[in-house]
J.: 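The structure's right below; bear with me while I get my questions together.
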Amino acid sequence: MISVSNVSMRYGAKILFDDVTITFTPGRRYGLTGPNGAGKSTFMKILSGELDAQKGTVVRPKKVGILRQDQFAFDAYRVIDTVIMGNKGLWAALEERDAIYSKAELTDEDGMRLGELEGIVGEEDGYTAESDAAVLLQGLDIPDELHERRMGELQGGQKVRVLLAQALFGNPQALLLDEPTNYLDLDSIHWLQDFLSRFEGTLITISHDRHFLNSVTTHTADIDYETIITYTGGYDDMVLAKTQIRSRLEAENAQREKKIAQLNEFIARFAAGTRSSQVTSRKKEVERLQTTELARSNIQRPYIRFEMIRPSGKTALEFEGVRKSYGELTVIDGFSANVMRGEKVALMGRNAQGKTTLVKSLLSGIPDLAEQGFTLDAGTIKWGHEAQIGYFPQDHTGVIEPGLTVADWLHQWDPKATKEDIRGILGQMLFRGEEGLKPTAALSGGEAARLLFCKLMLQKPNVLIFDEPTNHLDLESINALNISLQRYEGTVLLVSHDHDLIDEVATRIWHFENGAIDDFKGPYEEYIAATSAAR
Ligand SMILES: Nc1ncnc2c1ncn2[C@@H]1O[C@H](COP(=O)(O)OP(=O)(O)OP(=O)(O)O)[C@@H](O)[C@H]1O
Ligand SMILES: [Mg+2]
């Protein structure tokens, strides 16, 4: 059980939630919902103890498993170590112990410290940590040969499984998951749904994925109106209940306002007259009725619009015989294509099939966009005349460096733009007023994605490359992105697992399957019809 009492949190003028009291009970599975920047990750950090609330208290069980929103944070570590890090105290003790052992000479102090550390390691089941972790990984379908690899070498879907193993390490009584379905393909999401439905402790998961929430959760804690309200049922049940309650409140308010208007009219008419006692009683009535001002909902839609300064040549991109392998694993085995100006290509397929690798291959010769150390094995790539590329990478960490304000970060990409231009774009993307001055390090997942869109809106490239842009985004932003891509006149390469987006935007499909890429020159619907006819 996790009990939250009178918890409040605000940043500057922005109140995230005020005076929240909730109990999360074992056996129930909670969805934690709200638009980008609502404060979901912040609330989860308060639940886990990573962050202290400005007011109020939280009581939590001893062992809490956590999966954070940033799935790239452990890229430098070995898979097996990443799992063991789920027990922080143990991991710290193991690291310190190894550091002491690796010294050339041990002092008496070192010896004493070693004794203490061995104590901690023993208490925390450290001697079986590696085998416990391996068992968890096997259970989550991560084969033994991957256990010694680095996290950075794993594909999105595998990474989430390892991070889940980390969260589950040491049998936690509560499991806190921040957007676990990001970067997962549909099959992996279904696997996760089954898995979570069997968890017996207290589960709290953040997600923008309606289907996922509906299938997993029994309750929904929604952050809105500057508070958190718990509803029974999944996401759709919450939306229904929320609108009903809201319209009742609004109707009651309207009723009251009407009544107040009538009373005020009476008061105005007879204030100077002989009916003073009636006027006084009506004044009291007005005071009693005073409508409570309803807090505004935090749900808003950004306005995304991608334009281009000038079009590229007729052929936006041509490439031939592109090959890329990592060690013995060949990911792209000789792929060639011509992409004409204005084509919108969807790169789709299961996790780990090479979509991101193809994108990185195509960018490998472009200064500023090429990934450091990434080399192509074979192939020629020719970008079209005057092609200017805007790139939205899969991993945002590091792309938006900390230590700047949101406005300053954006301004550096076009120093000639005026302050008003910058403010205009930021406003469209819901960074209004003070929001433009907040530090880049504070951005939520969805806000970071929105800021990257701002950059593309400012630079106005004629080729847009998106690698899974809808991860982290709330429903309103996904919709706005969908419309903006449909209207964009340039060329688009779009990696996505979002079938609606692919369906409505793509004019051509590159389907990655079993080590090959199927190139279909038509929209998704036709592709599905053609492939199912062929089967
Ligand atoms: N140190 C800070 N200073 C100012 N604002 C902050 C700070 N830390 C967080 N915020 C703001 O608090 C809000 C909530 O952030 P949080 O990461 O909790 O959002 P979220 O609901 O998880 O959003 P998303 O769905 O995009 O992940 C955001 O607007 C964020 O910019
Ligand atoms: Mg978040």
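Order of listing sets the numbers, starting from 1, for every ligand and every atom in it.
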J.: Between R28 and T218 (side chain of the first, backbone of the second, donor and acceptor by atom type, cut-off under 3.5 Å), is there such a pair?
T.: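 No; zero donor-acceptor contacts below 3.5 Å.
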
J.: May I ask you to check whether Q69 brings an N, O or S atom to under 2.8 Å from the Mg ion (ligand 2)?
T.: yes

J.: Taking the minimum heavy-atom distance to atom 2 (C) of ligand 1, which of A448, G34, A449, A442 ranks first?
T.: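 Comparing heavy atoms across A448, G34, A449, A442, the nearest one to atom 2 (C) of ligand 1 lies in A442.
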
J.: Between CG of L203 and CG of L175, what distance do you get to the nearest 0.5 Å?
T.: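 Going from CG on L203 over to CG on L175, the span is 5.5 Å.
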
J.: Identify the closest protein heavy atom to atom 14 (C) of ligand 1: which residue and atom is it, and at what distance?
T.: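 Protein heavy atom with the smallest distance to atom 14 (C) of ligand 1: G37 O, 3.4 Å.
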
J.: Looking only at distance, does P439 have an N or O less than 3.5 Å from an N or O of ligand 1?
T.: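 No, P439 has no N/O under 3.5 Å of an N/O on ligand 1.
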
J.: Using heavy-atom distances, let me know which of L16, T440, T42 sits nearest atom 16 (P) of ligand 1.
T.: T42

J.: Find the distance between CG (L481) and CD (Q486) and round it off to the nearest 0.5 Å.
T.: 10.0 Å

J.: Mind checking whether F212 and H208 have ring centres under 6.0 Å apart?
T.: no

J.: Return a yes/no value for S444: is any of its N or O atoms, backbone included, closer than 3.5 angstrom to an N or O of ligand 1?
T.: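 Such a contact does occur with ligand 1.
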
J.: To the nearest 0.5 Å, what is the distance between CE on M348 and CG on L501?
T.: 11.0 Å

J.: Given H208, K40, E435, identify the one with the heavy atom nearest to atom 21 (O) of ligand 1.
T.: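 Among H208, K40, E435, the closest heavy atom to atom 21 (O) of ligand 1 belongs to K40.
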
J.: For G39, is the nearest heavy atom under 4.0 Å from an atom of ligand 1?
T.: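 It does; at least one heavy atom falls under 4.0 Å.
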
J.: Do any nitrogen or oxygen atoms of G446 lie less than 3.5 angstrom from nitrogen or oxygen atoms of ligand 1?
T.: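 Indeed, backbone or side chain, G446 has an N or O that close.
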
J.: Indicate whether the side chain of R149 and that of Q158 have a donor and an acceptor atom separated by less than 3.5 Å.
T.: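 Checked: R149/Q158 side chains show no N/O donor-acceptor pair below 3.5 Å.
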
J.: Which of the numbered atoms in ligand 1 are below 4.0 angstrom from a heavy atom of E179?
T.: 25 (O), 27 (O)

